[in-house]
> 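Below is the structure I would like to discuss, written out as structure tokens.
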Amino acid sequence: MIQVQLPDGSVKEYADGTSALDIAKGISERLAKACVAAEVNGTIVDLVRPLNEVPSEGPLQFKLLTEKDAKAVGVLRHSTAHVMARAIMRLYEGVGLAFGPTTGNGFYYDFDLATPISEDDFPKIEAEMQKIANEAEPFERFYLDRDKAIEFCRDLKQDLKVEHMQTGLSAHETVSFYRQGEFVDLCRGPHIPDAGRIKAFKVLSVASAYWKGDANNKRLQRVYGTAFFSKDDLKEYLDQVEEAKRRDHRVLGKQHNLFNISNDVGQGLSLWLPKGASIRATLEDFIKKELLQRGYTPVYSPHIGRVEMYETSGHFPYYRESQFSPIFGHDAGQLVDYWIRKINEGNLQNAEEKQFAETAKIMGCEVAGDALRASTKEDKIKILHDWERTQERYLLKPMNCPHHVQMYKSQQRSYRELPVKLAEFGTVYRRENAGSLNGLLRVRGLTQDDAHLFCTPDQVEEEFKSTLDLVKFVLGSVGLDDYRVQLSLRDSKNKEKYVGSDEGWNSAEATLRHVLESVGLPFTAQEGEAAFYGPKTDFMVKDCIGREWQLGTVQLDFNLPERFNLEYIGPDNKPHRPVMIHRAPFGSMERFVGMLIEHFAGAFPLWLAPEQLRICPVTDNANEYAAKVQAQFRAEGFRVTTDLRSAKVNAKIRDAQLDLIPYMLVVGPKDAEAGAVSIRDRIGGKDLGMLPMAQAIEMLKKEAIERTVRQVVKSKFRSFDEDQGEMFAG
RNA sequence: GCUGGUGUAGCUCAGUCGGUAGAGCGCGUCCUUGGUAAGGACGAGGUCAUGGGUUCAAGUCCCAUCACCAGCCCCA
């Protein structure tokens, strides 16, 4: 017998071999039909799977999942991935199956297939999938011992599955398969009961991917698709994808002259054009004021710093590959640096080393001969390292923290002055892979709205809370109030990727968890996402069409204070180690503005709009009055321009409307006579009528000062980026 | 960085079979002086991404490089 606890708390007993479907049928036939899968003790299982297969102490926590449950759609998508794979195997010869997991809003399946699949092939793949859906065959789970399973897959000529079982699944004694008609796949499951449940799906795109994500491995074709329980949901999703394309900040940025990334300047290096710069400056002014009120002190630091400093902090060794090469003050610097690396790699030939030494000598490195003659690897490296340290070596700064640490150290600190909060819009440089650059969202030079808080261990919780509060406030002020927090923890299996002691990490992670719980912020923990020096809380912010962005971050750091020997004098008159909090509410100005462009689709609210008002004189006769109006609004702090073209007012209004100017001030003889302006609202194109100057100024000022966000999006989109908890891999 | 695709006027794009380049928008000048989404005429703008090659002849075919786009990898 098995004991099952239903969501209402009642516990019932069923015979061994009872499935979720049996239980559902026991409740009602209709419920049984509406069910997709079941959640048992937190894991999702097939409806038809005997429940006694789920190990449990005490009664099974049982819940039926219907089409309405967010978790159910993941099951549907994974099954659709199987159906797609089946369709592709029917259409092509020699299809090798790799993995076919679900993603945030769909699924993909990787195929090892000689024939390239192109977009033109999608209709026939979809047609075949539809056929399979119509056949409505069940998904059947079965088990094999691993050895048998390997034989089985070998017979099926599924070499990748064989390899996976020999490596990734080597610890498993038995493995599960799913059969659906002639299609069999090694798969953990779960699946929907039968393919007839698949009603709305689409093959979306094809791209290349590598077996197990490793570029040294075989190249596969990854076919993406998505599925929903209803055609309406599918359409809504596809509409959202279209809407996202329409909002692309790279397109809008070009159209409205917000920013430019010029090849002549360099990849990933953004140029803020006047209008984009205006948005950024407005945001920066806003934050600066807020920080002053919250006890931060602004500081400035240079764009480069000595390599040694970043060696101490750990940034240089940890991120060497994604940094620009150091700036060497000595001609031989780069050569010696390369030489050391070769020695470290341990495959340096004698002849090669001789050449290094000779060249370095010619370039003026006088210790090159000594290094060549030194007997051990360690001695060589020491000689070269010592020489390097006497030379100038600068790094374009990849992070602001070491600079701020030095500021903290520049004077003796008492516990009385803590927390010290140093804030800077600090520009940092990172050599991101060329292939991952993306408009303003991923750049090589970026400015963080950065600050570092140095506090006593006792202050950590409170300061951490207050920074979370700041992030919430700042996001709210631009109308972003839908977000969740991701608690990014260390990867407990790869501790060597991080600096610092276990105790330090454990207590830092516990502190973050505790604070998040105490302030009641919803959060999800994610292992392996921490920074190398400490755990983070990242704000995952949803924009108005439901997409999630990783923006602000608050990080706790016990390590840099240790590495830089930071101290403060405590009430006991003894030195103590402070704790650092790193935080950036926006993250980077580039990324944040890029996101805002997409969030507002280029139509910024009054307080952020680069051009807030445009004066449209009705005729040339009104130009003189327009100039007076402009001067008055400028004096009140508005960003305003006047359209002086000899065009009809209709044309001026049309252009202002398309330029997404929040308000147009139409002025003609009537207004001049009344000392008024006629206001047109961009939203809805409403004519607000003639208002006396003073009144118009007051009304617009109020909206700007209150940072009112009147409109973000016309359409109603919901989030498709929901975390579905589990990923299904097949 | 890897794989694939793309690169023609300021922007969006057309350019057939290899025969010295075109549209719309924008821009400039002139006419027009109009009250809430496009008034008209004329004009200027291109080393067809860059460098090679094939050819009597290359925007078009081939090779390399660079950049961009999509995906992968990465993201302090």
Side-chain angles (χ1 to χ4, degrees), chain A residues 108 110 116 118-119 204-224 248 250-251 254-255 257 260-264 266-268 310 313-323 397-402 428 430-439 441-444 446 448 450 488 497-499 529-534 536 538 550 553 555 557 560 582 584 587-588 591 616-623 645-659 664-671 678-682 685-690:
Chain A
Y108 64 79
D110 286 346
S118 84
E119 230 167 273
L204 294 172
S205 62
V206 59
S208 77
Y210 296 98
W211 171 238
K212 298 193 168 173
D214 185 340
N216 299 314
N217 287 346
K218 198 163 200 174
R219 200 160 55 79
L220 307 170
Q221 296 193 66
R222 175 168 297 179
V223 183
Y224 285 86
D248 189 319
R250 293 166 297 190
V251 176
K254 177 155 264 189
Q255 223 168 62
N257 296 317
N260 181 234
I261 296 177
S262 153
N263 195 16
D264 294 334
Q267 283 186 292
Y310 295 105
S313 72
H315 291 102
F316 185 66
Y318 272 84
Y319 291 101
R320 171 120 211 201
E321 294 312 309
S322 48
Q323 284 168 6
K397 78 171 163 189
M399 274 300 251
N400 301 303
C401 19
V428 298
R430 297 170 187 180
R431 199 176 180 291
E432 303 284 5
N433 277 341
S436 49
L437 298 174
N438 177 296
L441 301 179
R442 196 76 185 275
V443 288
R444 288 181 162 177
L446 55 129
Q448 300 173 312
D450 209 0
S488 300
K497 275 168 44 187
Y498 309 90
V499 297
E529 295 290 312
F532 72 84
Y533 48 74
K536 311 188 285 176
D538 296 316
Q550 183 176 330
T553 177
Q555 312 175 359
D557 182 1
L560 290 188
H582 308 234
S588 85
R591 181 155 235 275
C616 302
V618 172
T619 76
D620 286 355
N621 300 334
N623 283 357
R645 294 174 304 171
S646 69
K648 278 172 67 167
V649 73
N650 279 356
K652 294 180 186 180
I653 286 170
R654 178 172 193 268
D655 288 344
Q657 189 80 24
L658 293 177
D659 287 345
M664 289 144 250
L665 306 178
V666 178
V667 298
K670 284 185 244 168
D671 306 275
S678 299
I679 304 184
R680 179 191 159 101
D681 185 355
R682 185 195 64 80
K686 285 191 294 284
D687 181 356
L688 303 182
M690 204 158 80

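First the proteins, then the strands, lettered A, B, ... as listed; each starts at 1.
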> Within the 4.0 Å heavy-atom criterion, would you say Ser205(A) contacts the bases, only the backbone, or no part of the nucleic acid?
nothing
> If you assign Pro398(A) and Asp248(A) each to the RNA chain B nucleotide with the nearest heavy atom, which residue ends up on the more 5' nucleotide?
Asp248(A)
> Ignoring hydrogens and geometry beyond distance, is the side chain of Ser646(A) in donor-acceptor contact with the base of U33(B) at under 3.5 Å?
no
> Report which part of the nucleic acid Ile261(A) touches: base, sugar-phosphate, or nothing (heavy-atom distance under 4.0 Å, all strands).
nothing
> With side chain to side chain donor-acceptor pair (under 3.5 Å) as the test, would you mind laying out the steps for Arg591(A) and Gln550(A) before giving the verdict?
CA-CA 9 Å; Arg591(A) 181 155 235 275; Gln550(A) 183 176 330; over 6 Å; no
> With stacking defined as ring centroids separated by under 5.5 Å and planes differing by under 30°, is Tyr319(A) stacked against A76(B)?
yes
> Does Gln448(A) reach a base, just sugar-phosphate, or nothing at all? Heavy atoms under 4.0 Å.
nothing
> Is there a donor and acceptor pair, one atom on the side chain of Thr619(A) and one on the base of G34(B), closer than 3.5 Å?
no
> Have a look at Asn263(A) and say if it touches a base, only the backbone sugar-phosphate, or nothing, with a 4.0 Å heavy-atom cut-off.
sugar-phosphate
> Taking for each residue the nucleotide of RNA chain B with the nearest heavy atom, is it Glu432(A) or Gly689(A) whose nucleotide lies nearer the 5' end?
Gly689(A)
> Going by modelled atom types, is there a donor-acceptor pair between the base of A76(B) and the side chain of Ser313(A) at under 3.5 Å?
no
> If you check the Arg654(A) side chain, which of A38(B), G39(B), A67(B) turns out closest?
A38(B)
> What does Ala656(A) touch in the nucleic acid at a heavy-atom separation under 4.0 angstrom: a base, only the sugar-phosphate, or nothing?
nothing
> For Asp655(A), which contact category applies under a 4.0 Å heavy-atom criterion: base, sugar-phosphate, or nothing?
nothing
> Taking pairing as Watson-Crick or G-U wobble with both contacts under 3.5 Å, can you name the mate of G46(B), or confirm there isn't one?
none
> If we call it a pair only when both distances are under 3.5 Å in a Watson-Crick or G-U wobble match, what pairs with G59(B)?
none
> Please confirm whether any donor atom in the side chain of Arg442(A) sits under 3.5 Å from an acceptor in the base of C75(B), or the reverse.
yes
> Can you figure out which of A76(B), A37(B), A38(B) approaches the side chain of Ala651(A) most closely?
A38(B)
> Looking at the side chain of Lys254(A), which of G34(B), C11(B), A37(B) is the nearest nucleotide?
C11(B)
> State the pairing partner of G4(B); accept Watson-Crick or G-U wobble contacts with both distances under 3.5 Å, and report none otherwise.
C69(B)
> Val618(A) near the nucleic acid: base, sugar-phosphate alone, or nothing, with a heavy-atom cut-off under 4.0 Å?
base
> Which base sits across from U20(B) as a Watson-Crick or G-U pair, both distances under 3.5 Å?
none
> Which part of the nucleic acid, if any, lies within reach of Arg680(A) when heavy atoms closer than 4.0 Å are counted: base, sugar-phosphate only, or nothing?
base
> With both distances under 3.5 Å as the test, what is the Watson-Crick or G-U wobble partner of A9(B)?
none
> Under a 3.5 Å cut-off for both contacts, is U29(B) paired Watson-Crick or G-U wobble with anything, and if yes, with which nucleotide?
A41(B)
> With sequence neighbours excluded, tell me which residues meet ring pair (Phe, Tyr, Trp, His ring centres under 6.0 Å) with His315(A).
Phe532(A)
> Describe the nucleic acid contact of Arg250(A) in one word from base, sugar-phosphate, nothing, applying a heavy-atom distance below 4.0 Å.
sugar-phosphate
> Could you identify the nucleotide paired to C75(B), looking across every strand shown and requiring Watson-Crick or G-U wobble geometry with both distances under 3.5 Å?
none
> Across the strands shown, which category fits Gln550(A) at heavy-atom distances under 4.0 angstrom: base, sugar-phosphate, nothing?
nothing
> Expressed in whole Å, how much space separates the C1' atoms belonging to G7(B) and G15(B)?
15 Å
> Answer with base, sugar-phosphate or nothing: what part of the nucleic acid does Lys670(A) contact at a heavy-atom distance below 4.0 Å?
base
> Could you run down the sub-3.5 Å N/O contacts of the protein with nucleotides 44-48 of chain B?
none

> Let's test your reading of the model: under 3.5 Å, does the base of U36(B) pair with the side chain of Asn650(A) as donor and acceptor?
no
> Just call it for Gln255(A): base, sugar-phosphate, or nothing, with non-hydrogen atoms closer than 4.0 Å on any strand.
nothing
